[in-house]
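Worth saying up front: this structure is predicted, and the values here are computed from it rather than measured.
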Amino acid sequence: MTRIDGEVSPAFEIVEPAEWRAPVIFNSPHSGSTYPEEFLSASRIDLPQLRRSEDSFMDELIGHLSARGFPTVRVNFPRSFVDVNREPYELDPRMFTGRLPSFANTRSMRVAGGLGTIPRVVGDGQEIYRDRIAVDEALTRIETLYKPYHRALRRLINKVHQMFGTVVLVDCHSMPSVGISRDEPRRPDVVIGDRYGTSCTPLLPDRVEETMTGLGYSTGRNKPYAGGFITEHYGNPASGLHAVQLELNRAIYMDERRRERGPRFAQVASDFGILADVLATTIPFGDLGPFQAAAE
């Protein structure tokens, strides 16, 4: 269906700093806004509705950090097309014509909710596709977009690990200011996810919380977002690999209805710079390597 090559190029971008300050990587996997034409044609909803799944402008909020000494990663294709924050084959059989591979995970909670590797719905539950799509189309997206992104991210993580002996991956997302359920309490400005203490040293979310609270943001931990596949997959403290997810309330930095940058956009970007500087100067990276973590 979709001519991926050329339409989504580059599929993702990694910007390494000229001078490295610390082993801290900032990643934005859900801010992509390049929509292939045939994907739009196959969708039953329009572009503004598709964009509700985007973490709009998050890549811009962290983009300046590469000039401050930190590598940054951004994905340019939209998560409604391929979601890299999932297992490689979380696929819903109801979406496709043809037989899925035997190794596909068809029973995960994310698949049940319509939010697999090839999503069935956008964030507010609207169905994306007018008709079923071919299994080969899904597998092509995974081979040409999903897998190259994760190979490149893994190479970057390995490079940083070899340079510093440890890695901190800050996975940056944004969330709607209001949840779908009316029973959900008001969302804080920032939700810090560490997979309930399993994806990183406790010092990391503690330091993030202290910093963001000091800057005037309200914070929460792990609810409603504890971290997705990226945080879980790359966070392995016993190996010196630490991953934390940040979910920023969109109302803080953008007009959610118009999908425009808000009046606080520049300040929020500046605050990410402060957070990066705090992590670089106050985290004892020498104590976070594999041997120390395994001994704790």
Is any side-chain heavy atom of [X] less than 4.5 Å from a side-chain heavy atom of [Y]?
X: Pro148; Y: Phe12; result: yes
X: Ile283; Y: Leu203; result: yes
X: Val168; Y: Val160; result: no
X: Thr34; Y: Phe77; result: no
X: Asp271; Y: Tyr217; result: yes
X: Val73; Y: Tyr149; result: yes
X: Gln126; Y: Arg52; result: yes
X: Val135; Y: Arg99; result: no

Exercise. Take Tyr234 and Ser199 through the side chain to side chain donor-acceptor pair (under 3.5 Å) test and state the conclusion after the steps.
Key: CA-CA 8 Å; Tyr234 293 104; Ser199 68; over 6 Å; no

Salt bridge present between [X] and [Y] (N-O < 4.0 angstrom):
X: Asp255; Y: Arg250; result: no
X: Glu127; Y: Arg120; result: yes
X: Asp277; Y: Arg21; result: yes
X: Arg221; Y: Glu209; result: yes

Rounded to the nearest 0.5 Å, how far does [atom2] of [Y] lie from [atom1] of [X]?
X: Ser9; Y: Asn76; atom1: OG; atom2: CG; value: 9.0 Å
X: Leu40; Y: Ile128; atom1: CG; atom2: CD1; value: 11.0 Å
X: Asp83; Y: Ile118; atom1: CG; atom2: CD1; value: 9.0 Å
X: Asp131; Y: Met95; atom1: CG; atom2: CE; value: 12.0 Å
X: Ile14; Y: Ile25; atom1: CD1; atom2: CD1; value: 8.5 Å
X: Ile142; Y: Leu145; atom1: CD1; atom2: CG; value: 10.0 Å

Quiz item: Given Glu54 and Ser31, is the side chain to side chain contact (heavy atoms under 4.5 Å, CB included) satisfied, shown in steps?
Solution: CA-CA 5 Å; Glu54 280 181 28; Ser31 52; over 6 Å; no

Quick one: does [X]'s side chain have a donor or acceptor within less than 3.5 Å of a partner on [Y]'s backbone?
X: Arg141; Y: Phe81; value: yes
X: Arg86; Y: Leu115; value: yes
X: Ser66; Y: Glu16; value: no
X: Arg195; Y: Glu232; value: no
X: Gln245; Y: Gly228; value: yes
X: His242; Y: Thr201; value: yes
X: Arg68; Y: Ala276; value: no
X: His173; Y: Met58; value: no
X: Ser43; Y: Phe39; value: no
X: Arg259; Y: Arg51; value: yes

Can you tell me if [X] and [Y] form a side-chain donor-acceptor pair at under 3.5 Å?
X: Glu90; Y: Thr117; answer: no
X: Gln162; Y: Asn158; answer: no
X: Glu256; Y: Ser177; answer: yes

Quiz item: Are the aromatic ring centres of Phe103 and Tyr89 under 6.0 angstrom apart?
Solution: yes

Quiz prompt | Aromatic ring proximity, centroids under 6.0 angstrom, His64 and Phe70 | solution = no

Practice problem: Starting from the C-alpha separation in whole Å, work towards a yes-or-no answer on side chain to side chain contact (heavy atoms under 4.5 Å, CB included) for Val24 and Phe26. | Solution: CA-CA 7 Å; Val24 183; Phe26 287 86; 3.6 Å; yes

Exercise. Go through the steps to decide whether Asn222 and Asp194 satisfy the test side chain to side chain contact (heavy atoms under 4.5 Å, CB included), and finish with yes or no.
Key: CA-CA 7 Å; Asn222 290 312; Asp194 64 355; 3.0 Å; yes

Self-check item: Partner of Asn27 by side chain to side chain contact (heavy atoms under 4.5 Å, CB included), out of Ile230, Val170, Thr231
Solution: Ile230

Quiz item: Sequence neighbours excluded, which residues qualify as side-chain contact (heavy atoms from CB on, under 4.5 Å) partners of Ser218?
Solution: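 Testing Ser218 for side-chain contact (heavy atoms from CB on, under 4.5 Å), a comparison that skips the adjacent residues, returns Arg186, Pro188, Asp189.
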
Quiz item: Step by step, would you call Glu247 with Arg187 a salt bridge (charged side-chain N to carboxylate O under 4.0 Å, His left out)?
Solution: CA-CA 10 Å; Glu247 289 275 359; Arg187 290 180 170 177; over 6 Å; no

Quiz prompt | Chi angles and distances behind the side chain to side chain contact (heavy atoms under 4.5 Å, CB included) call for Phe57, Glu260 | solution = CA-CA 9 Å; Phe57 313 122; Glu260 298 173 349; 5.7 Å; no

Quiz item: In terms of the angle between their ring planes, are Phe164 and Trp20 parallel, tilted or perpendicular, with boundaries placed at 30° and 60°?
Solution: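 It falls in the tilted class, 30° to 60°.
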
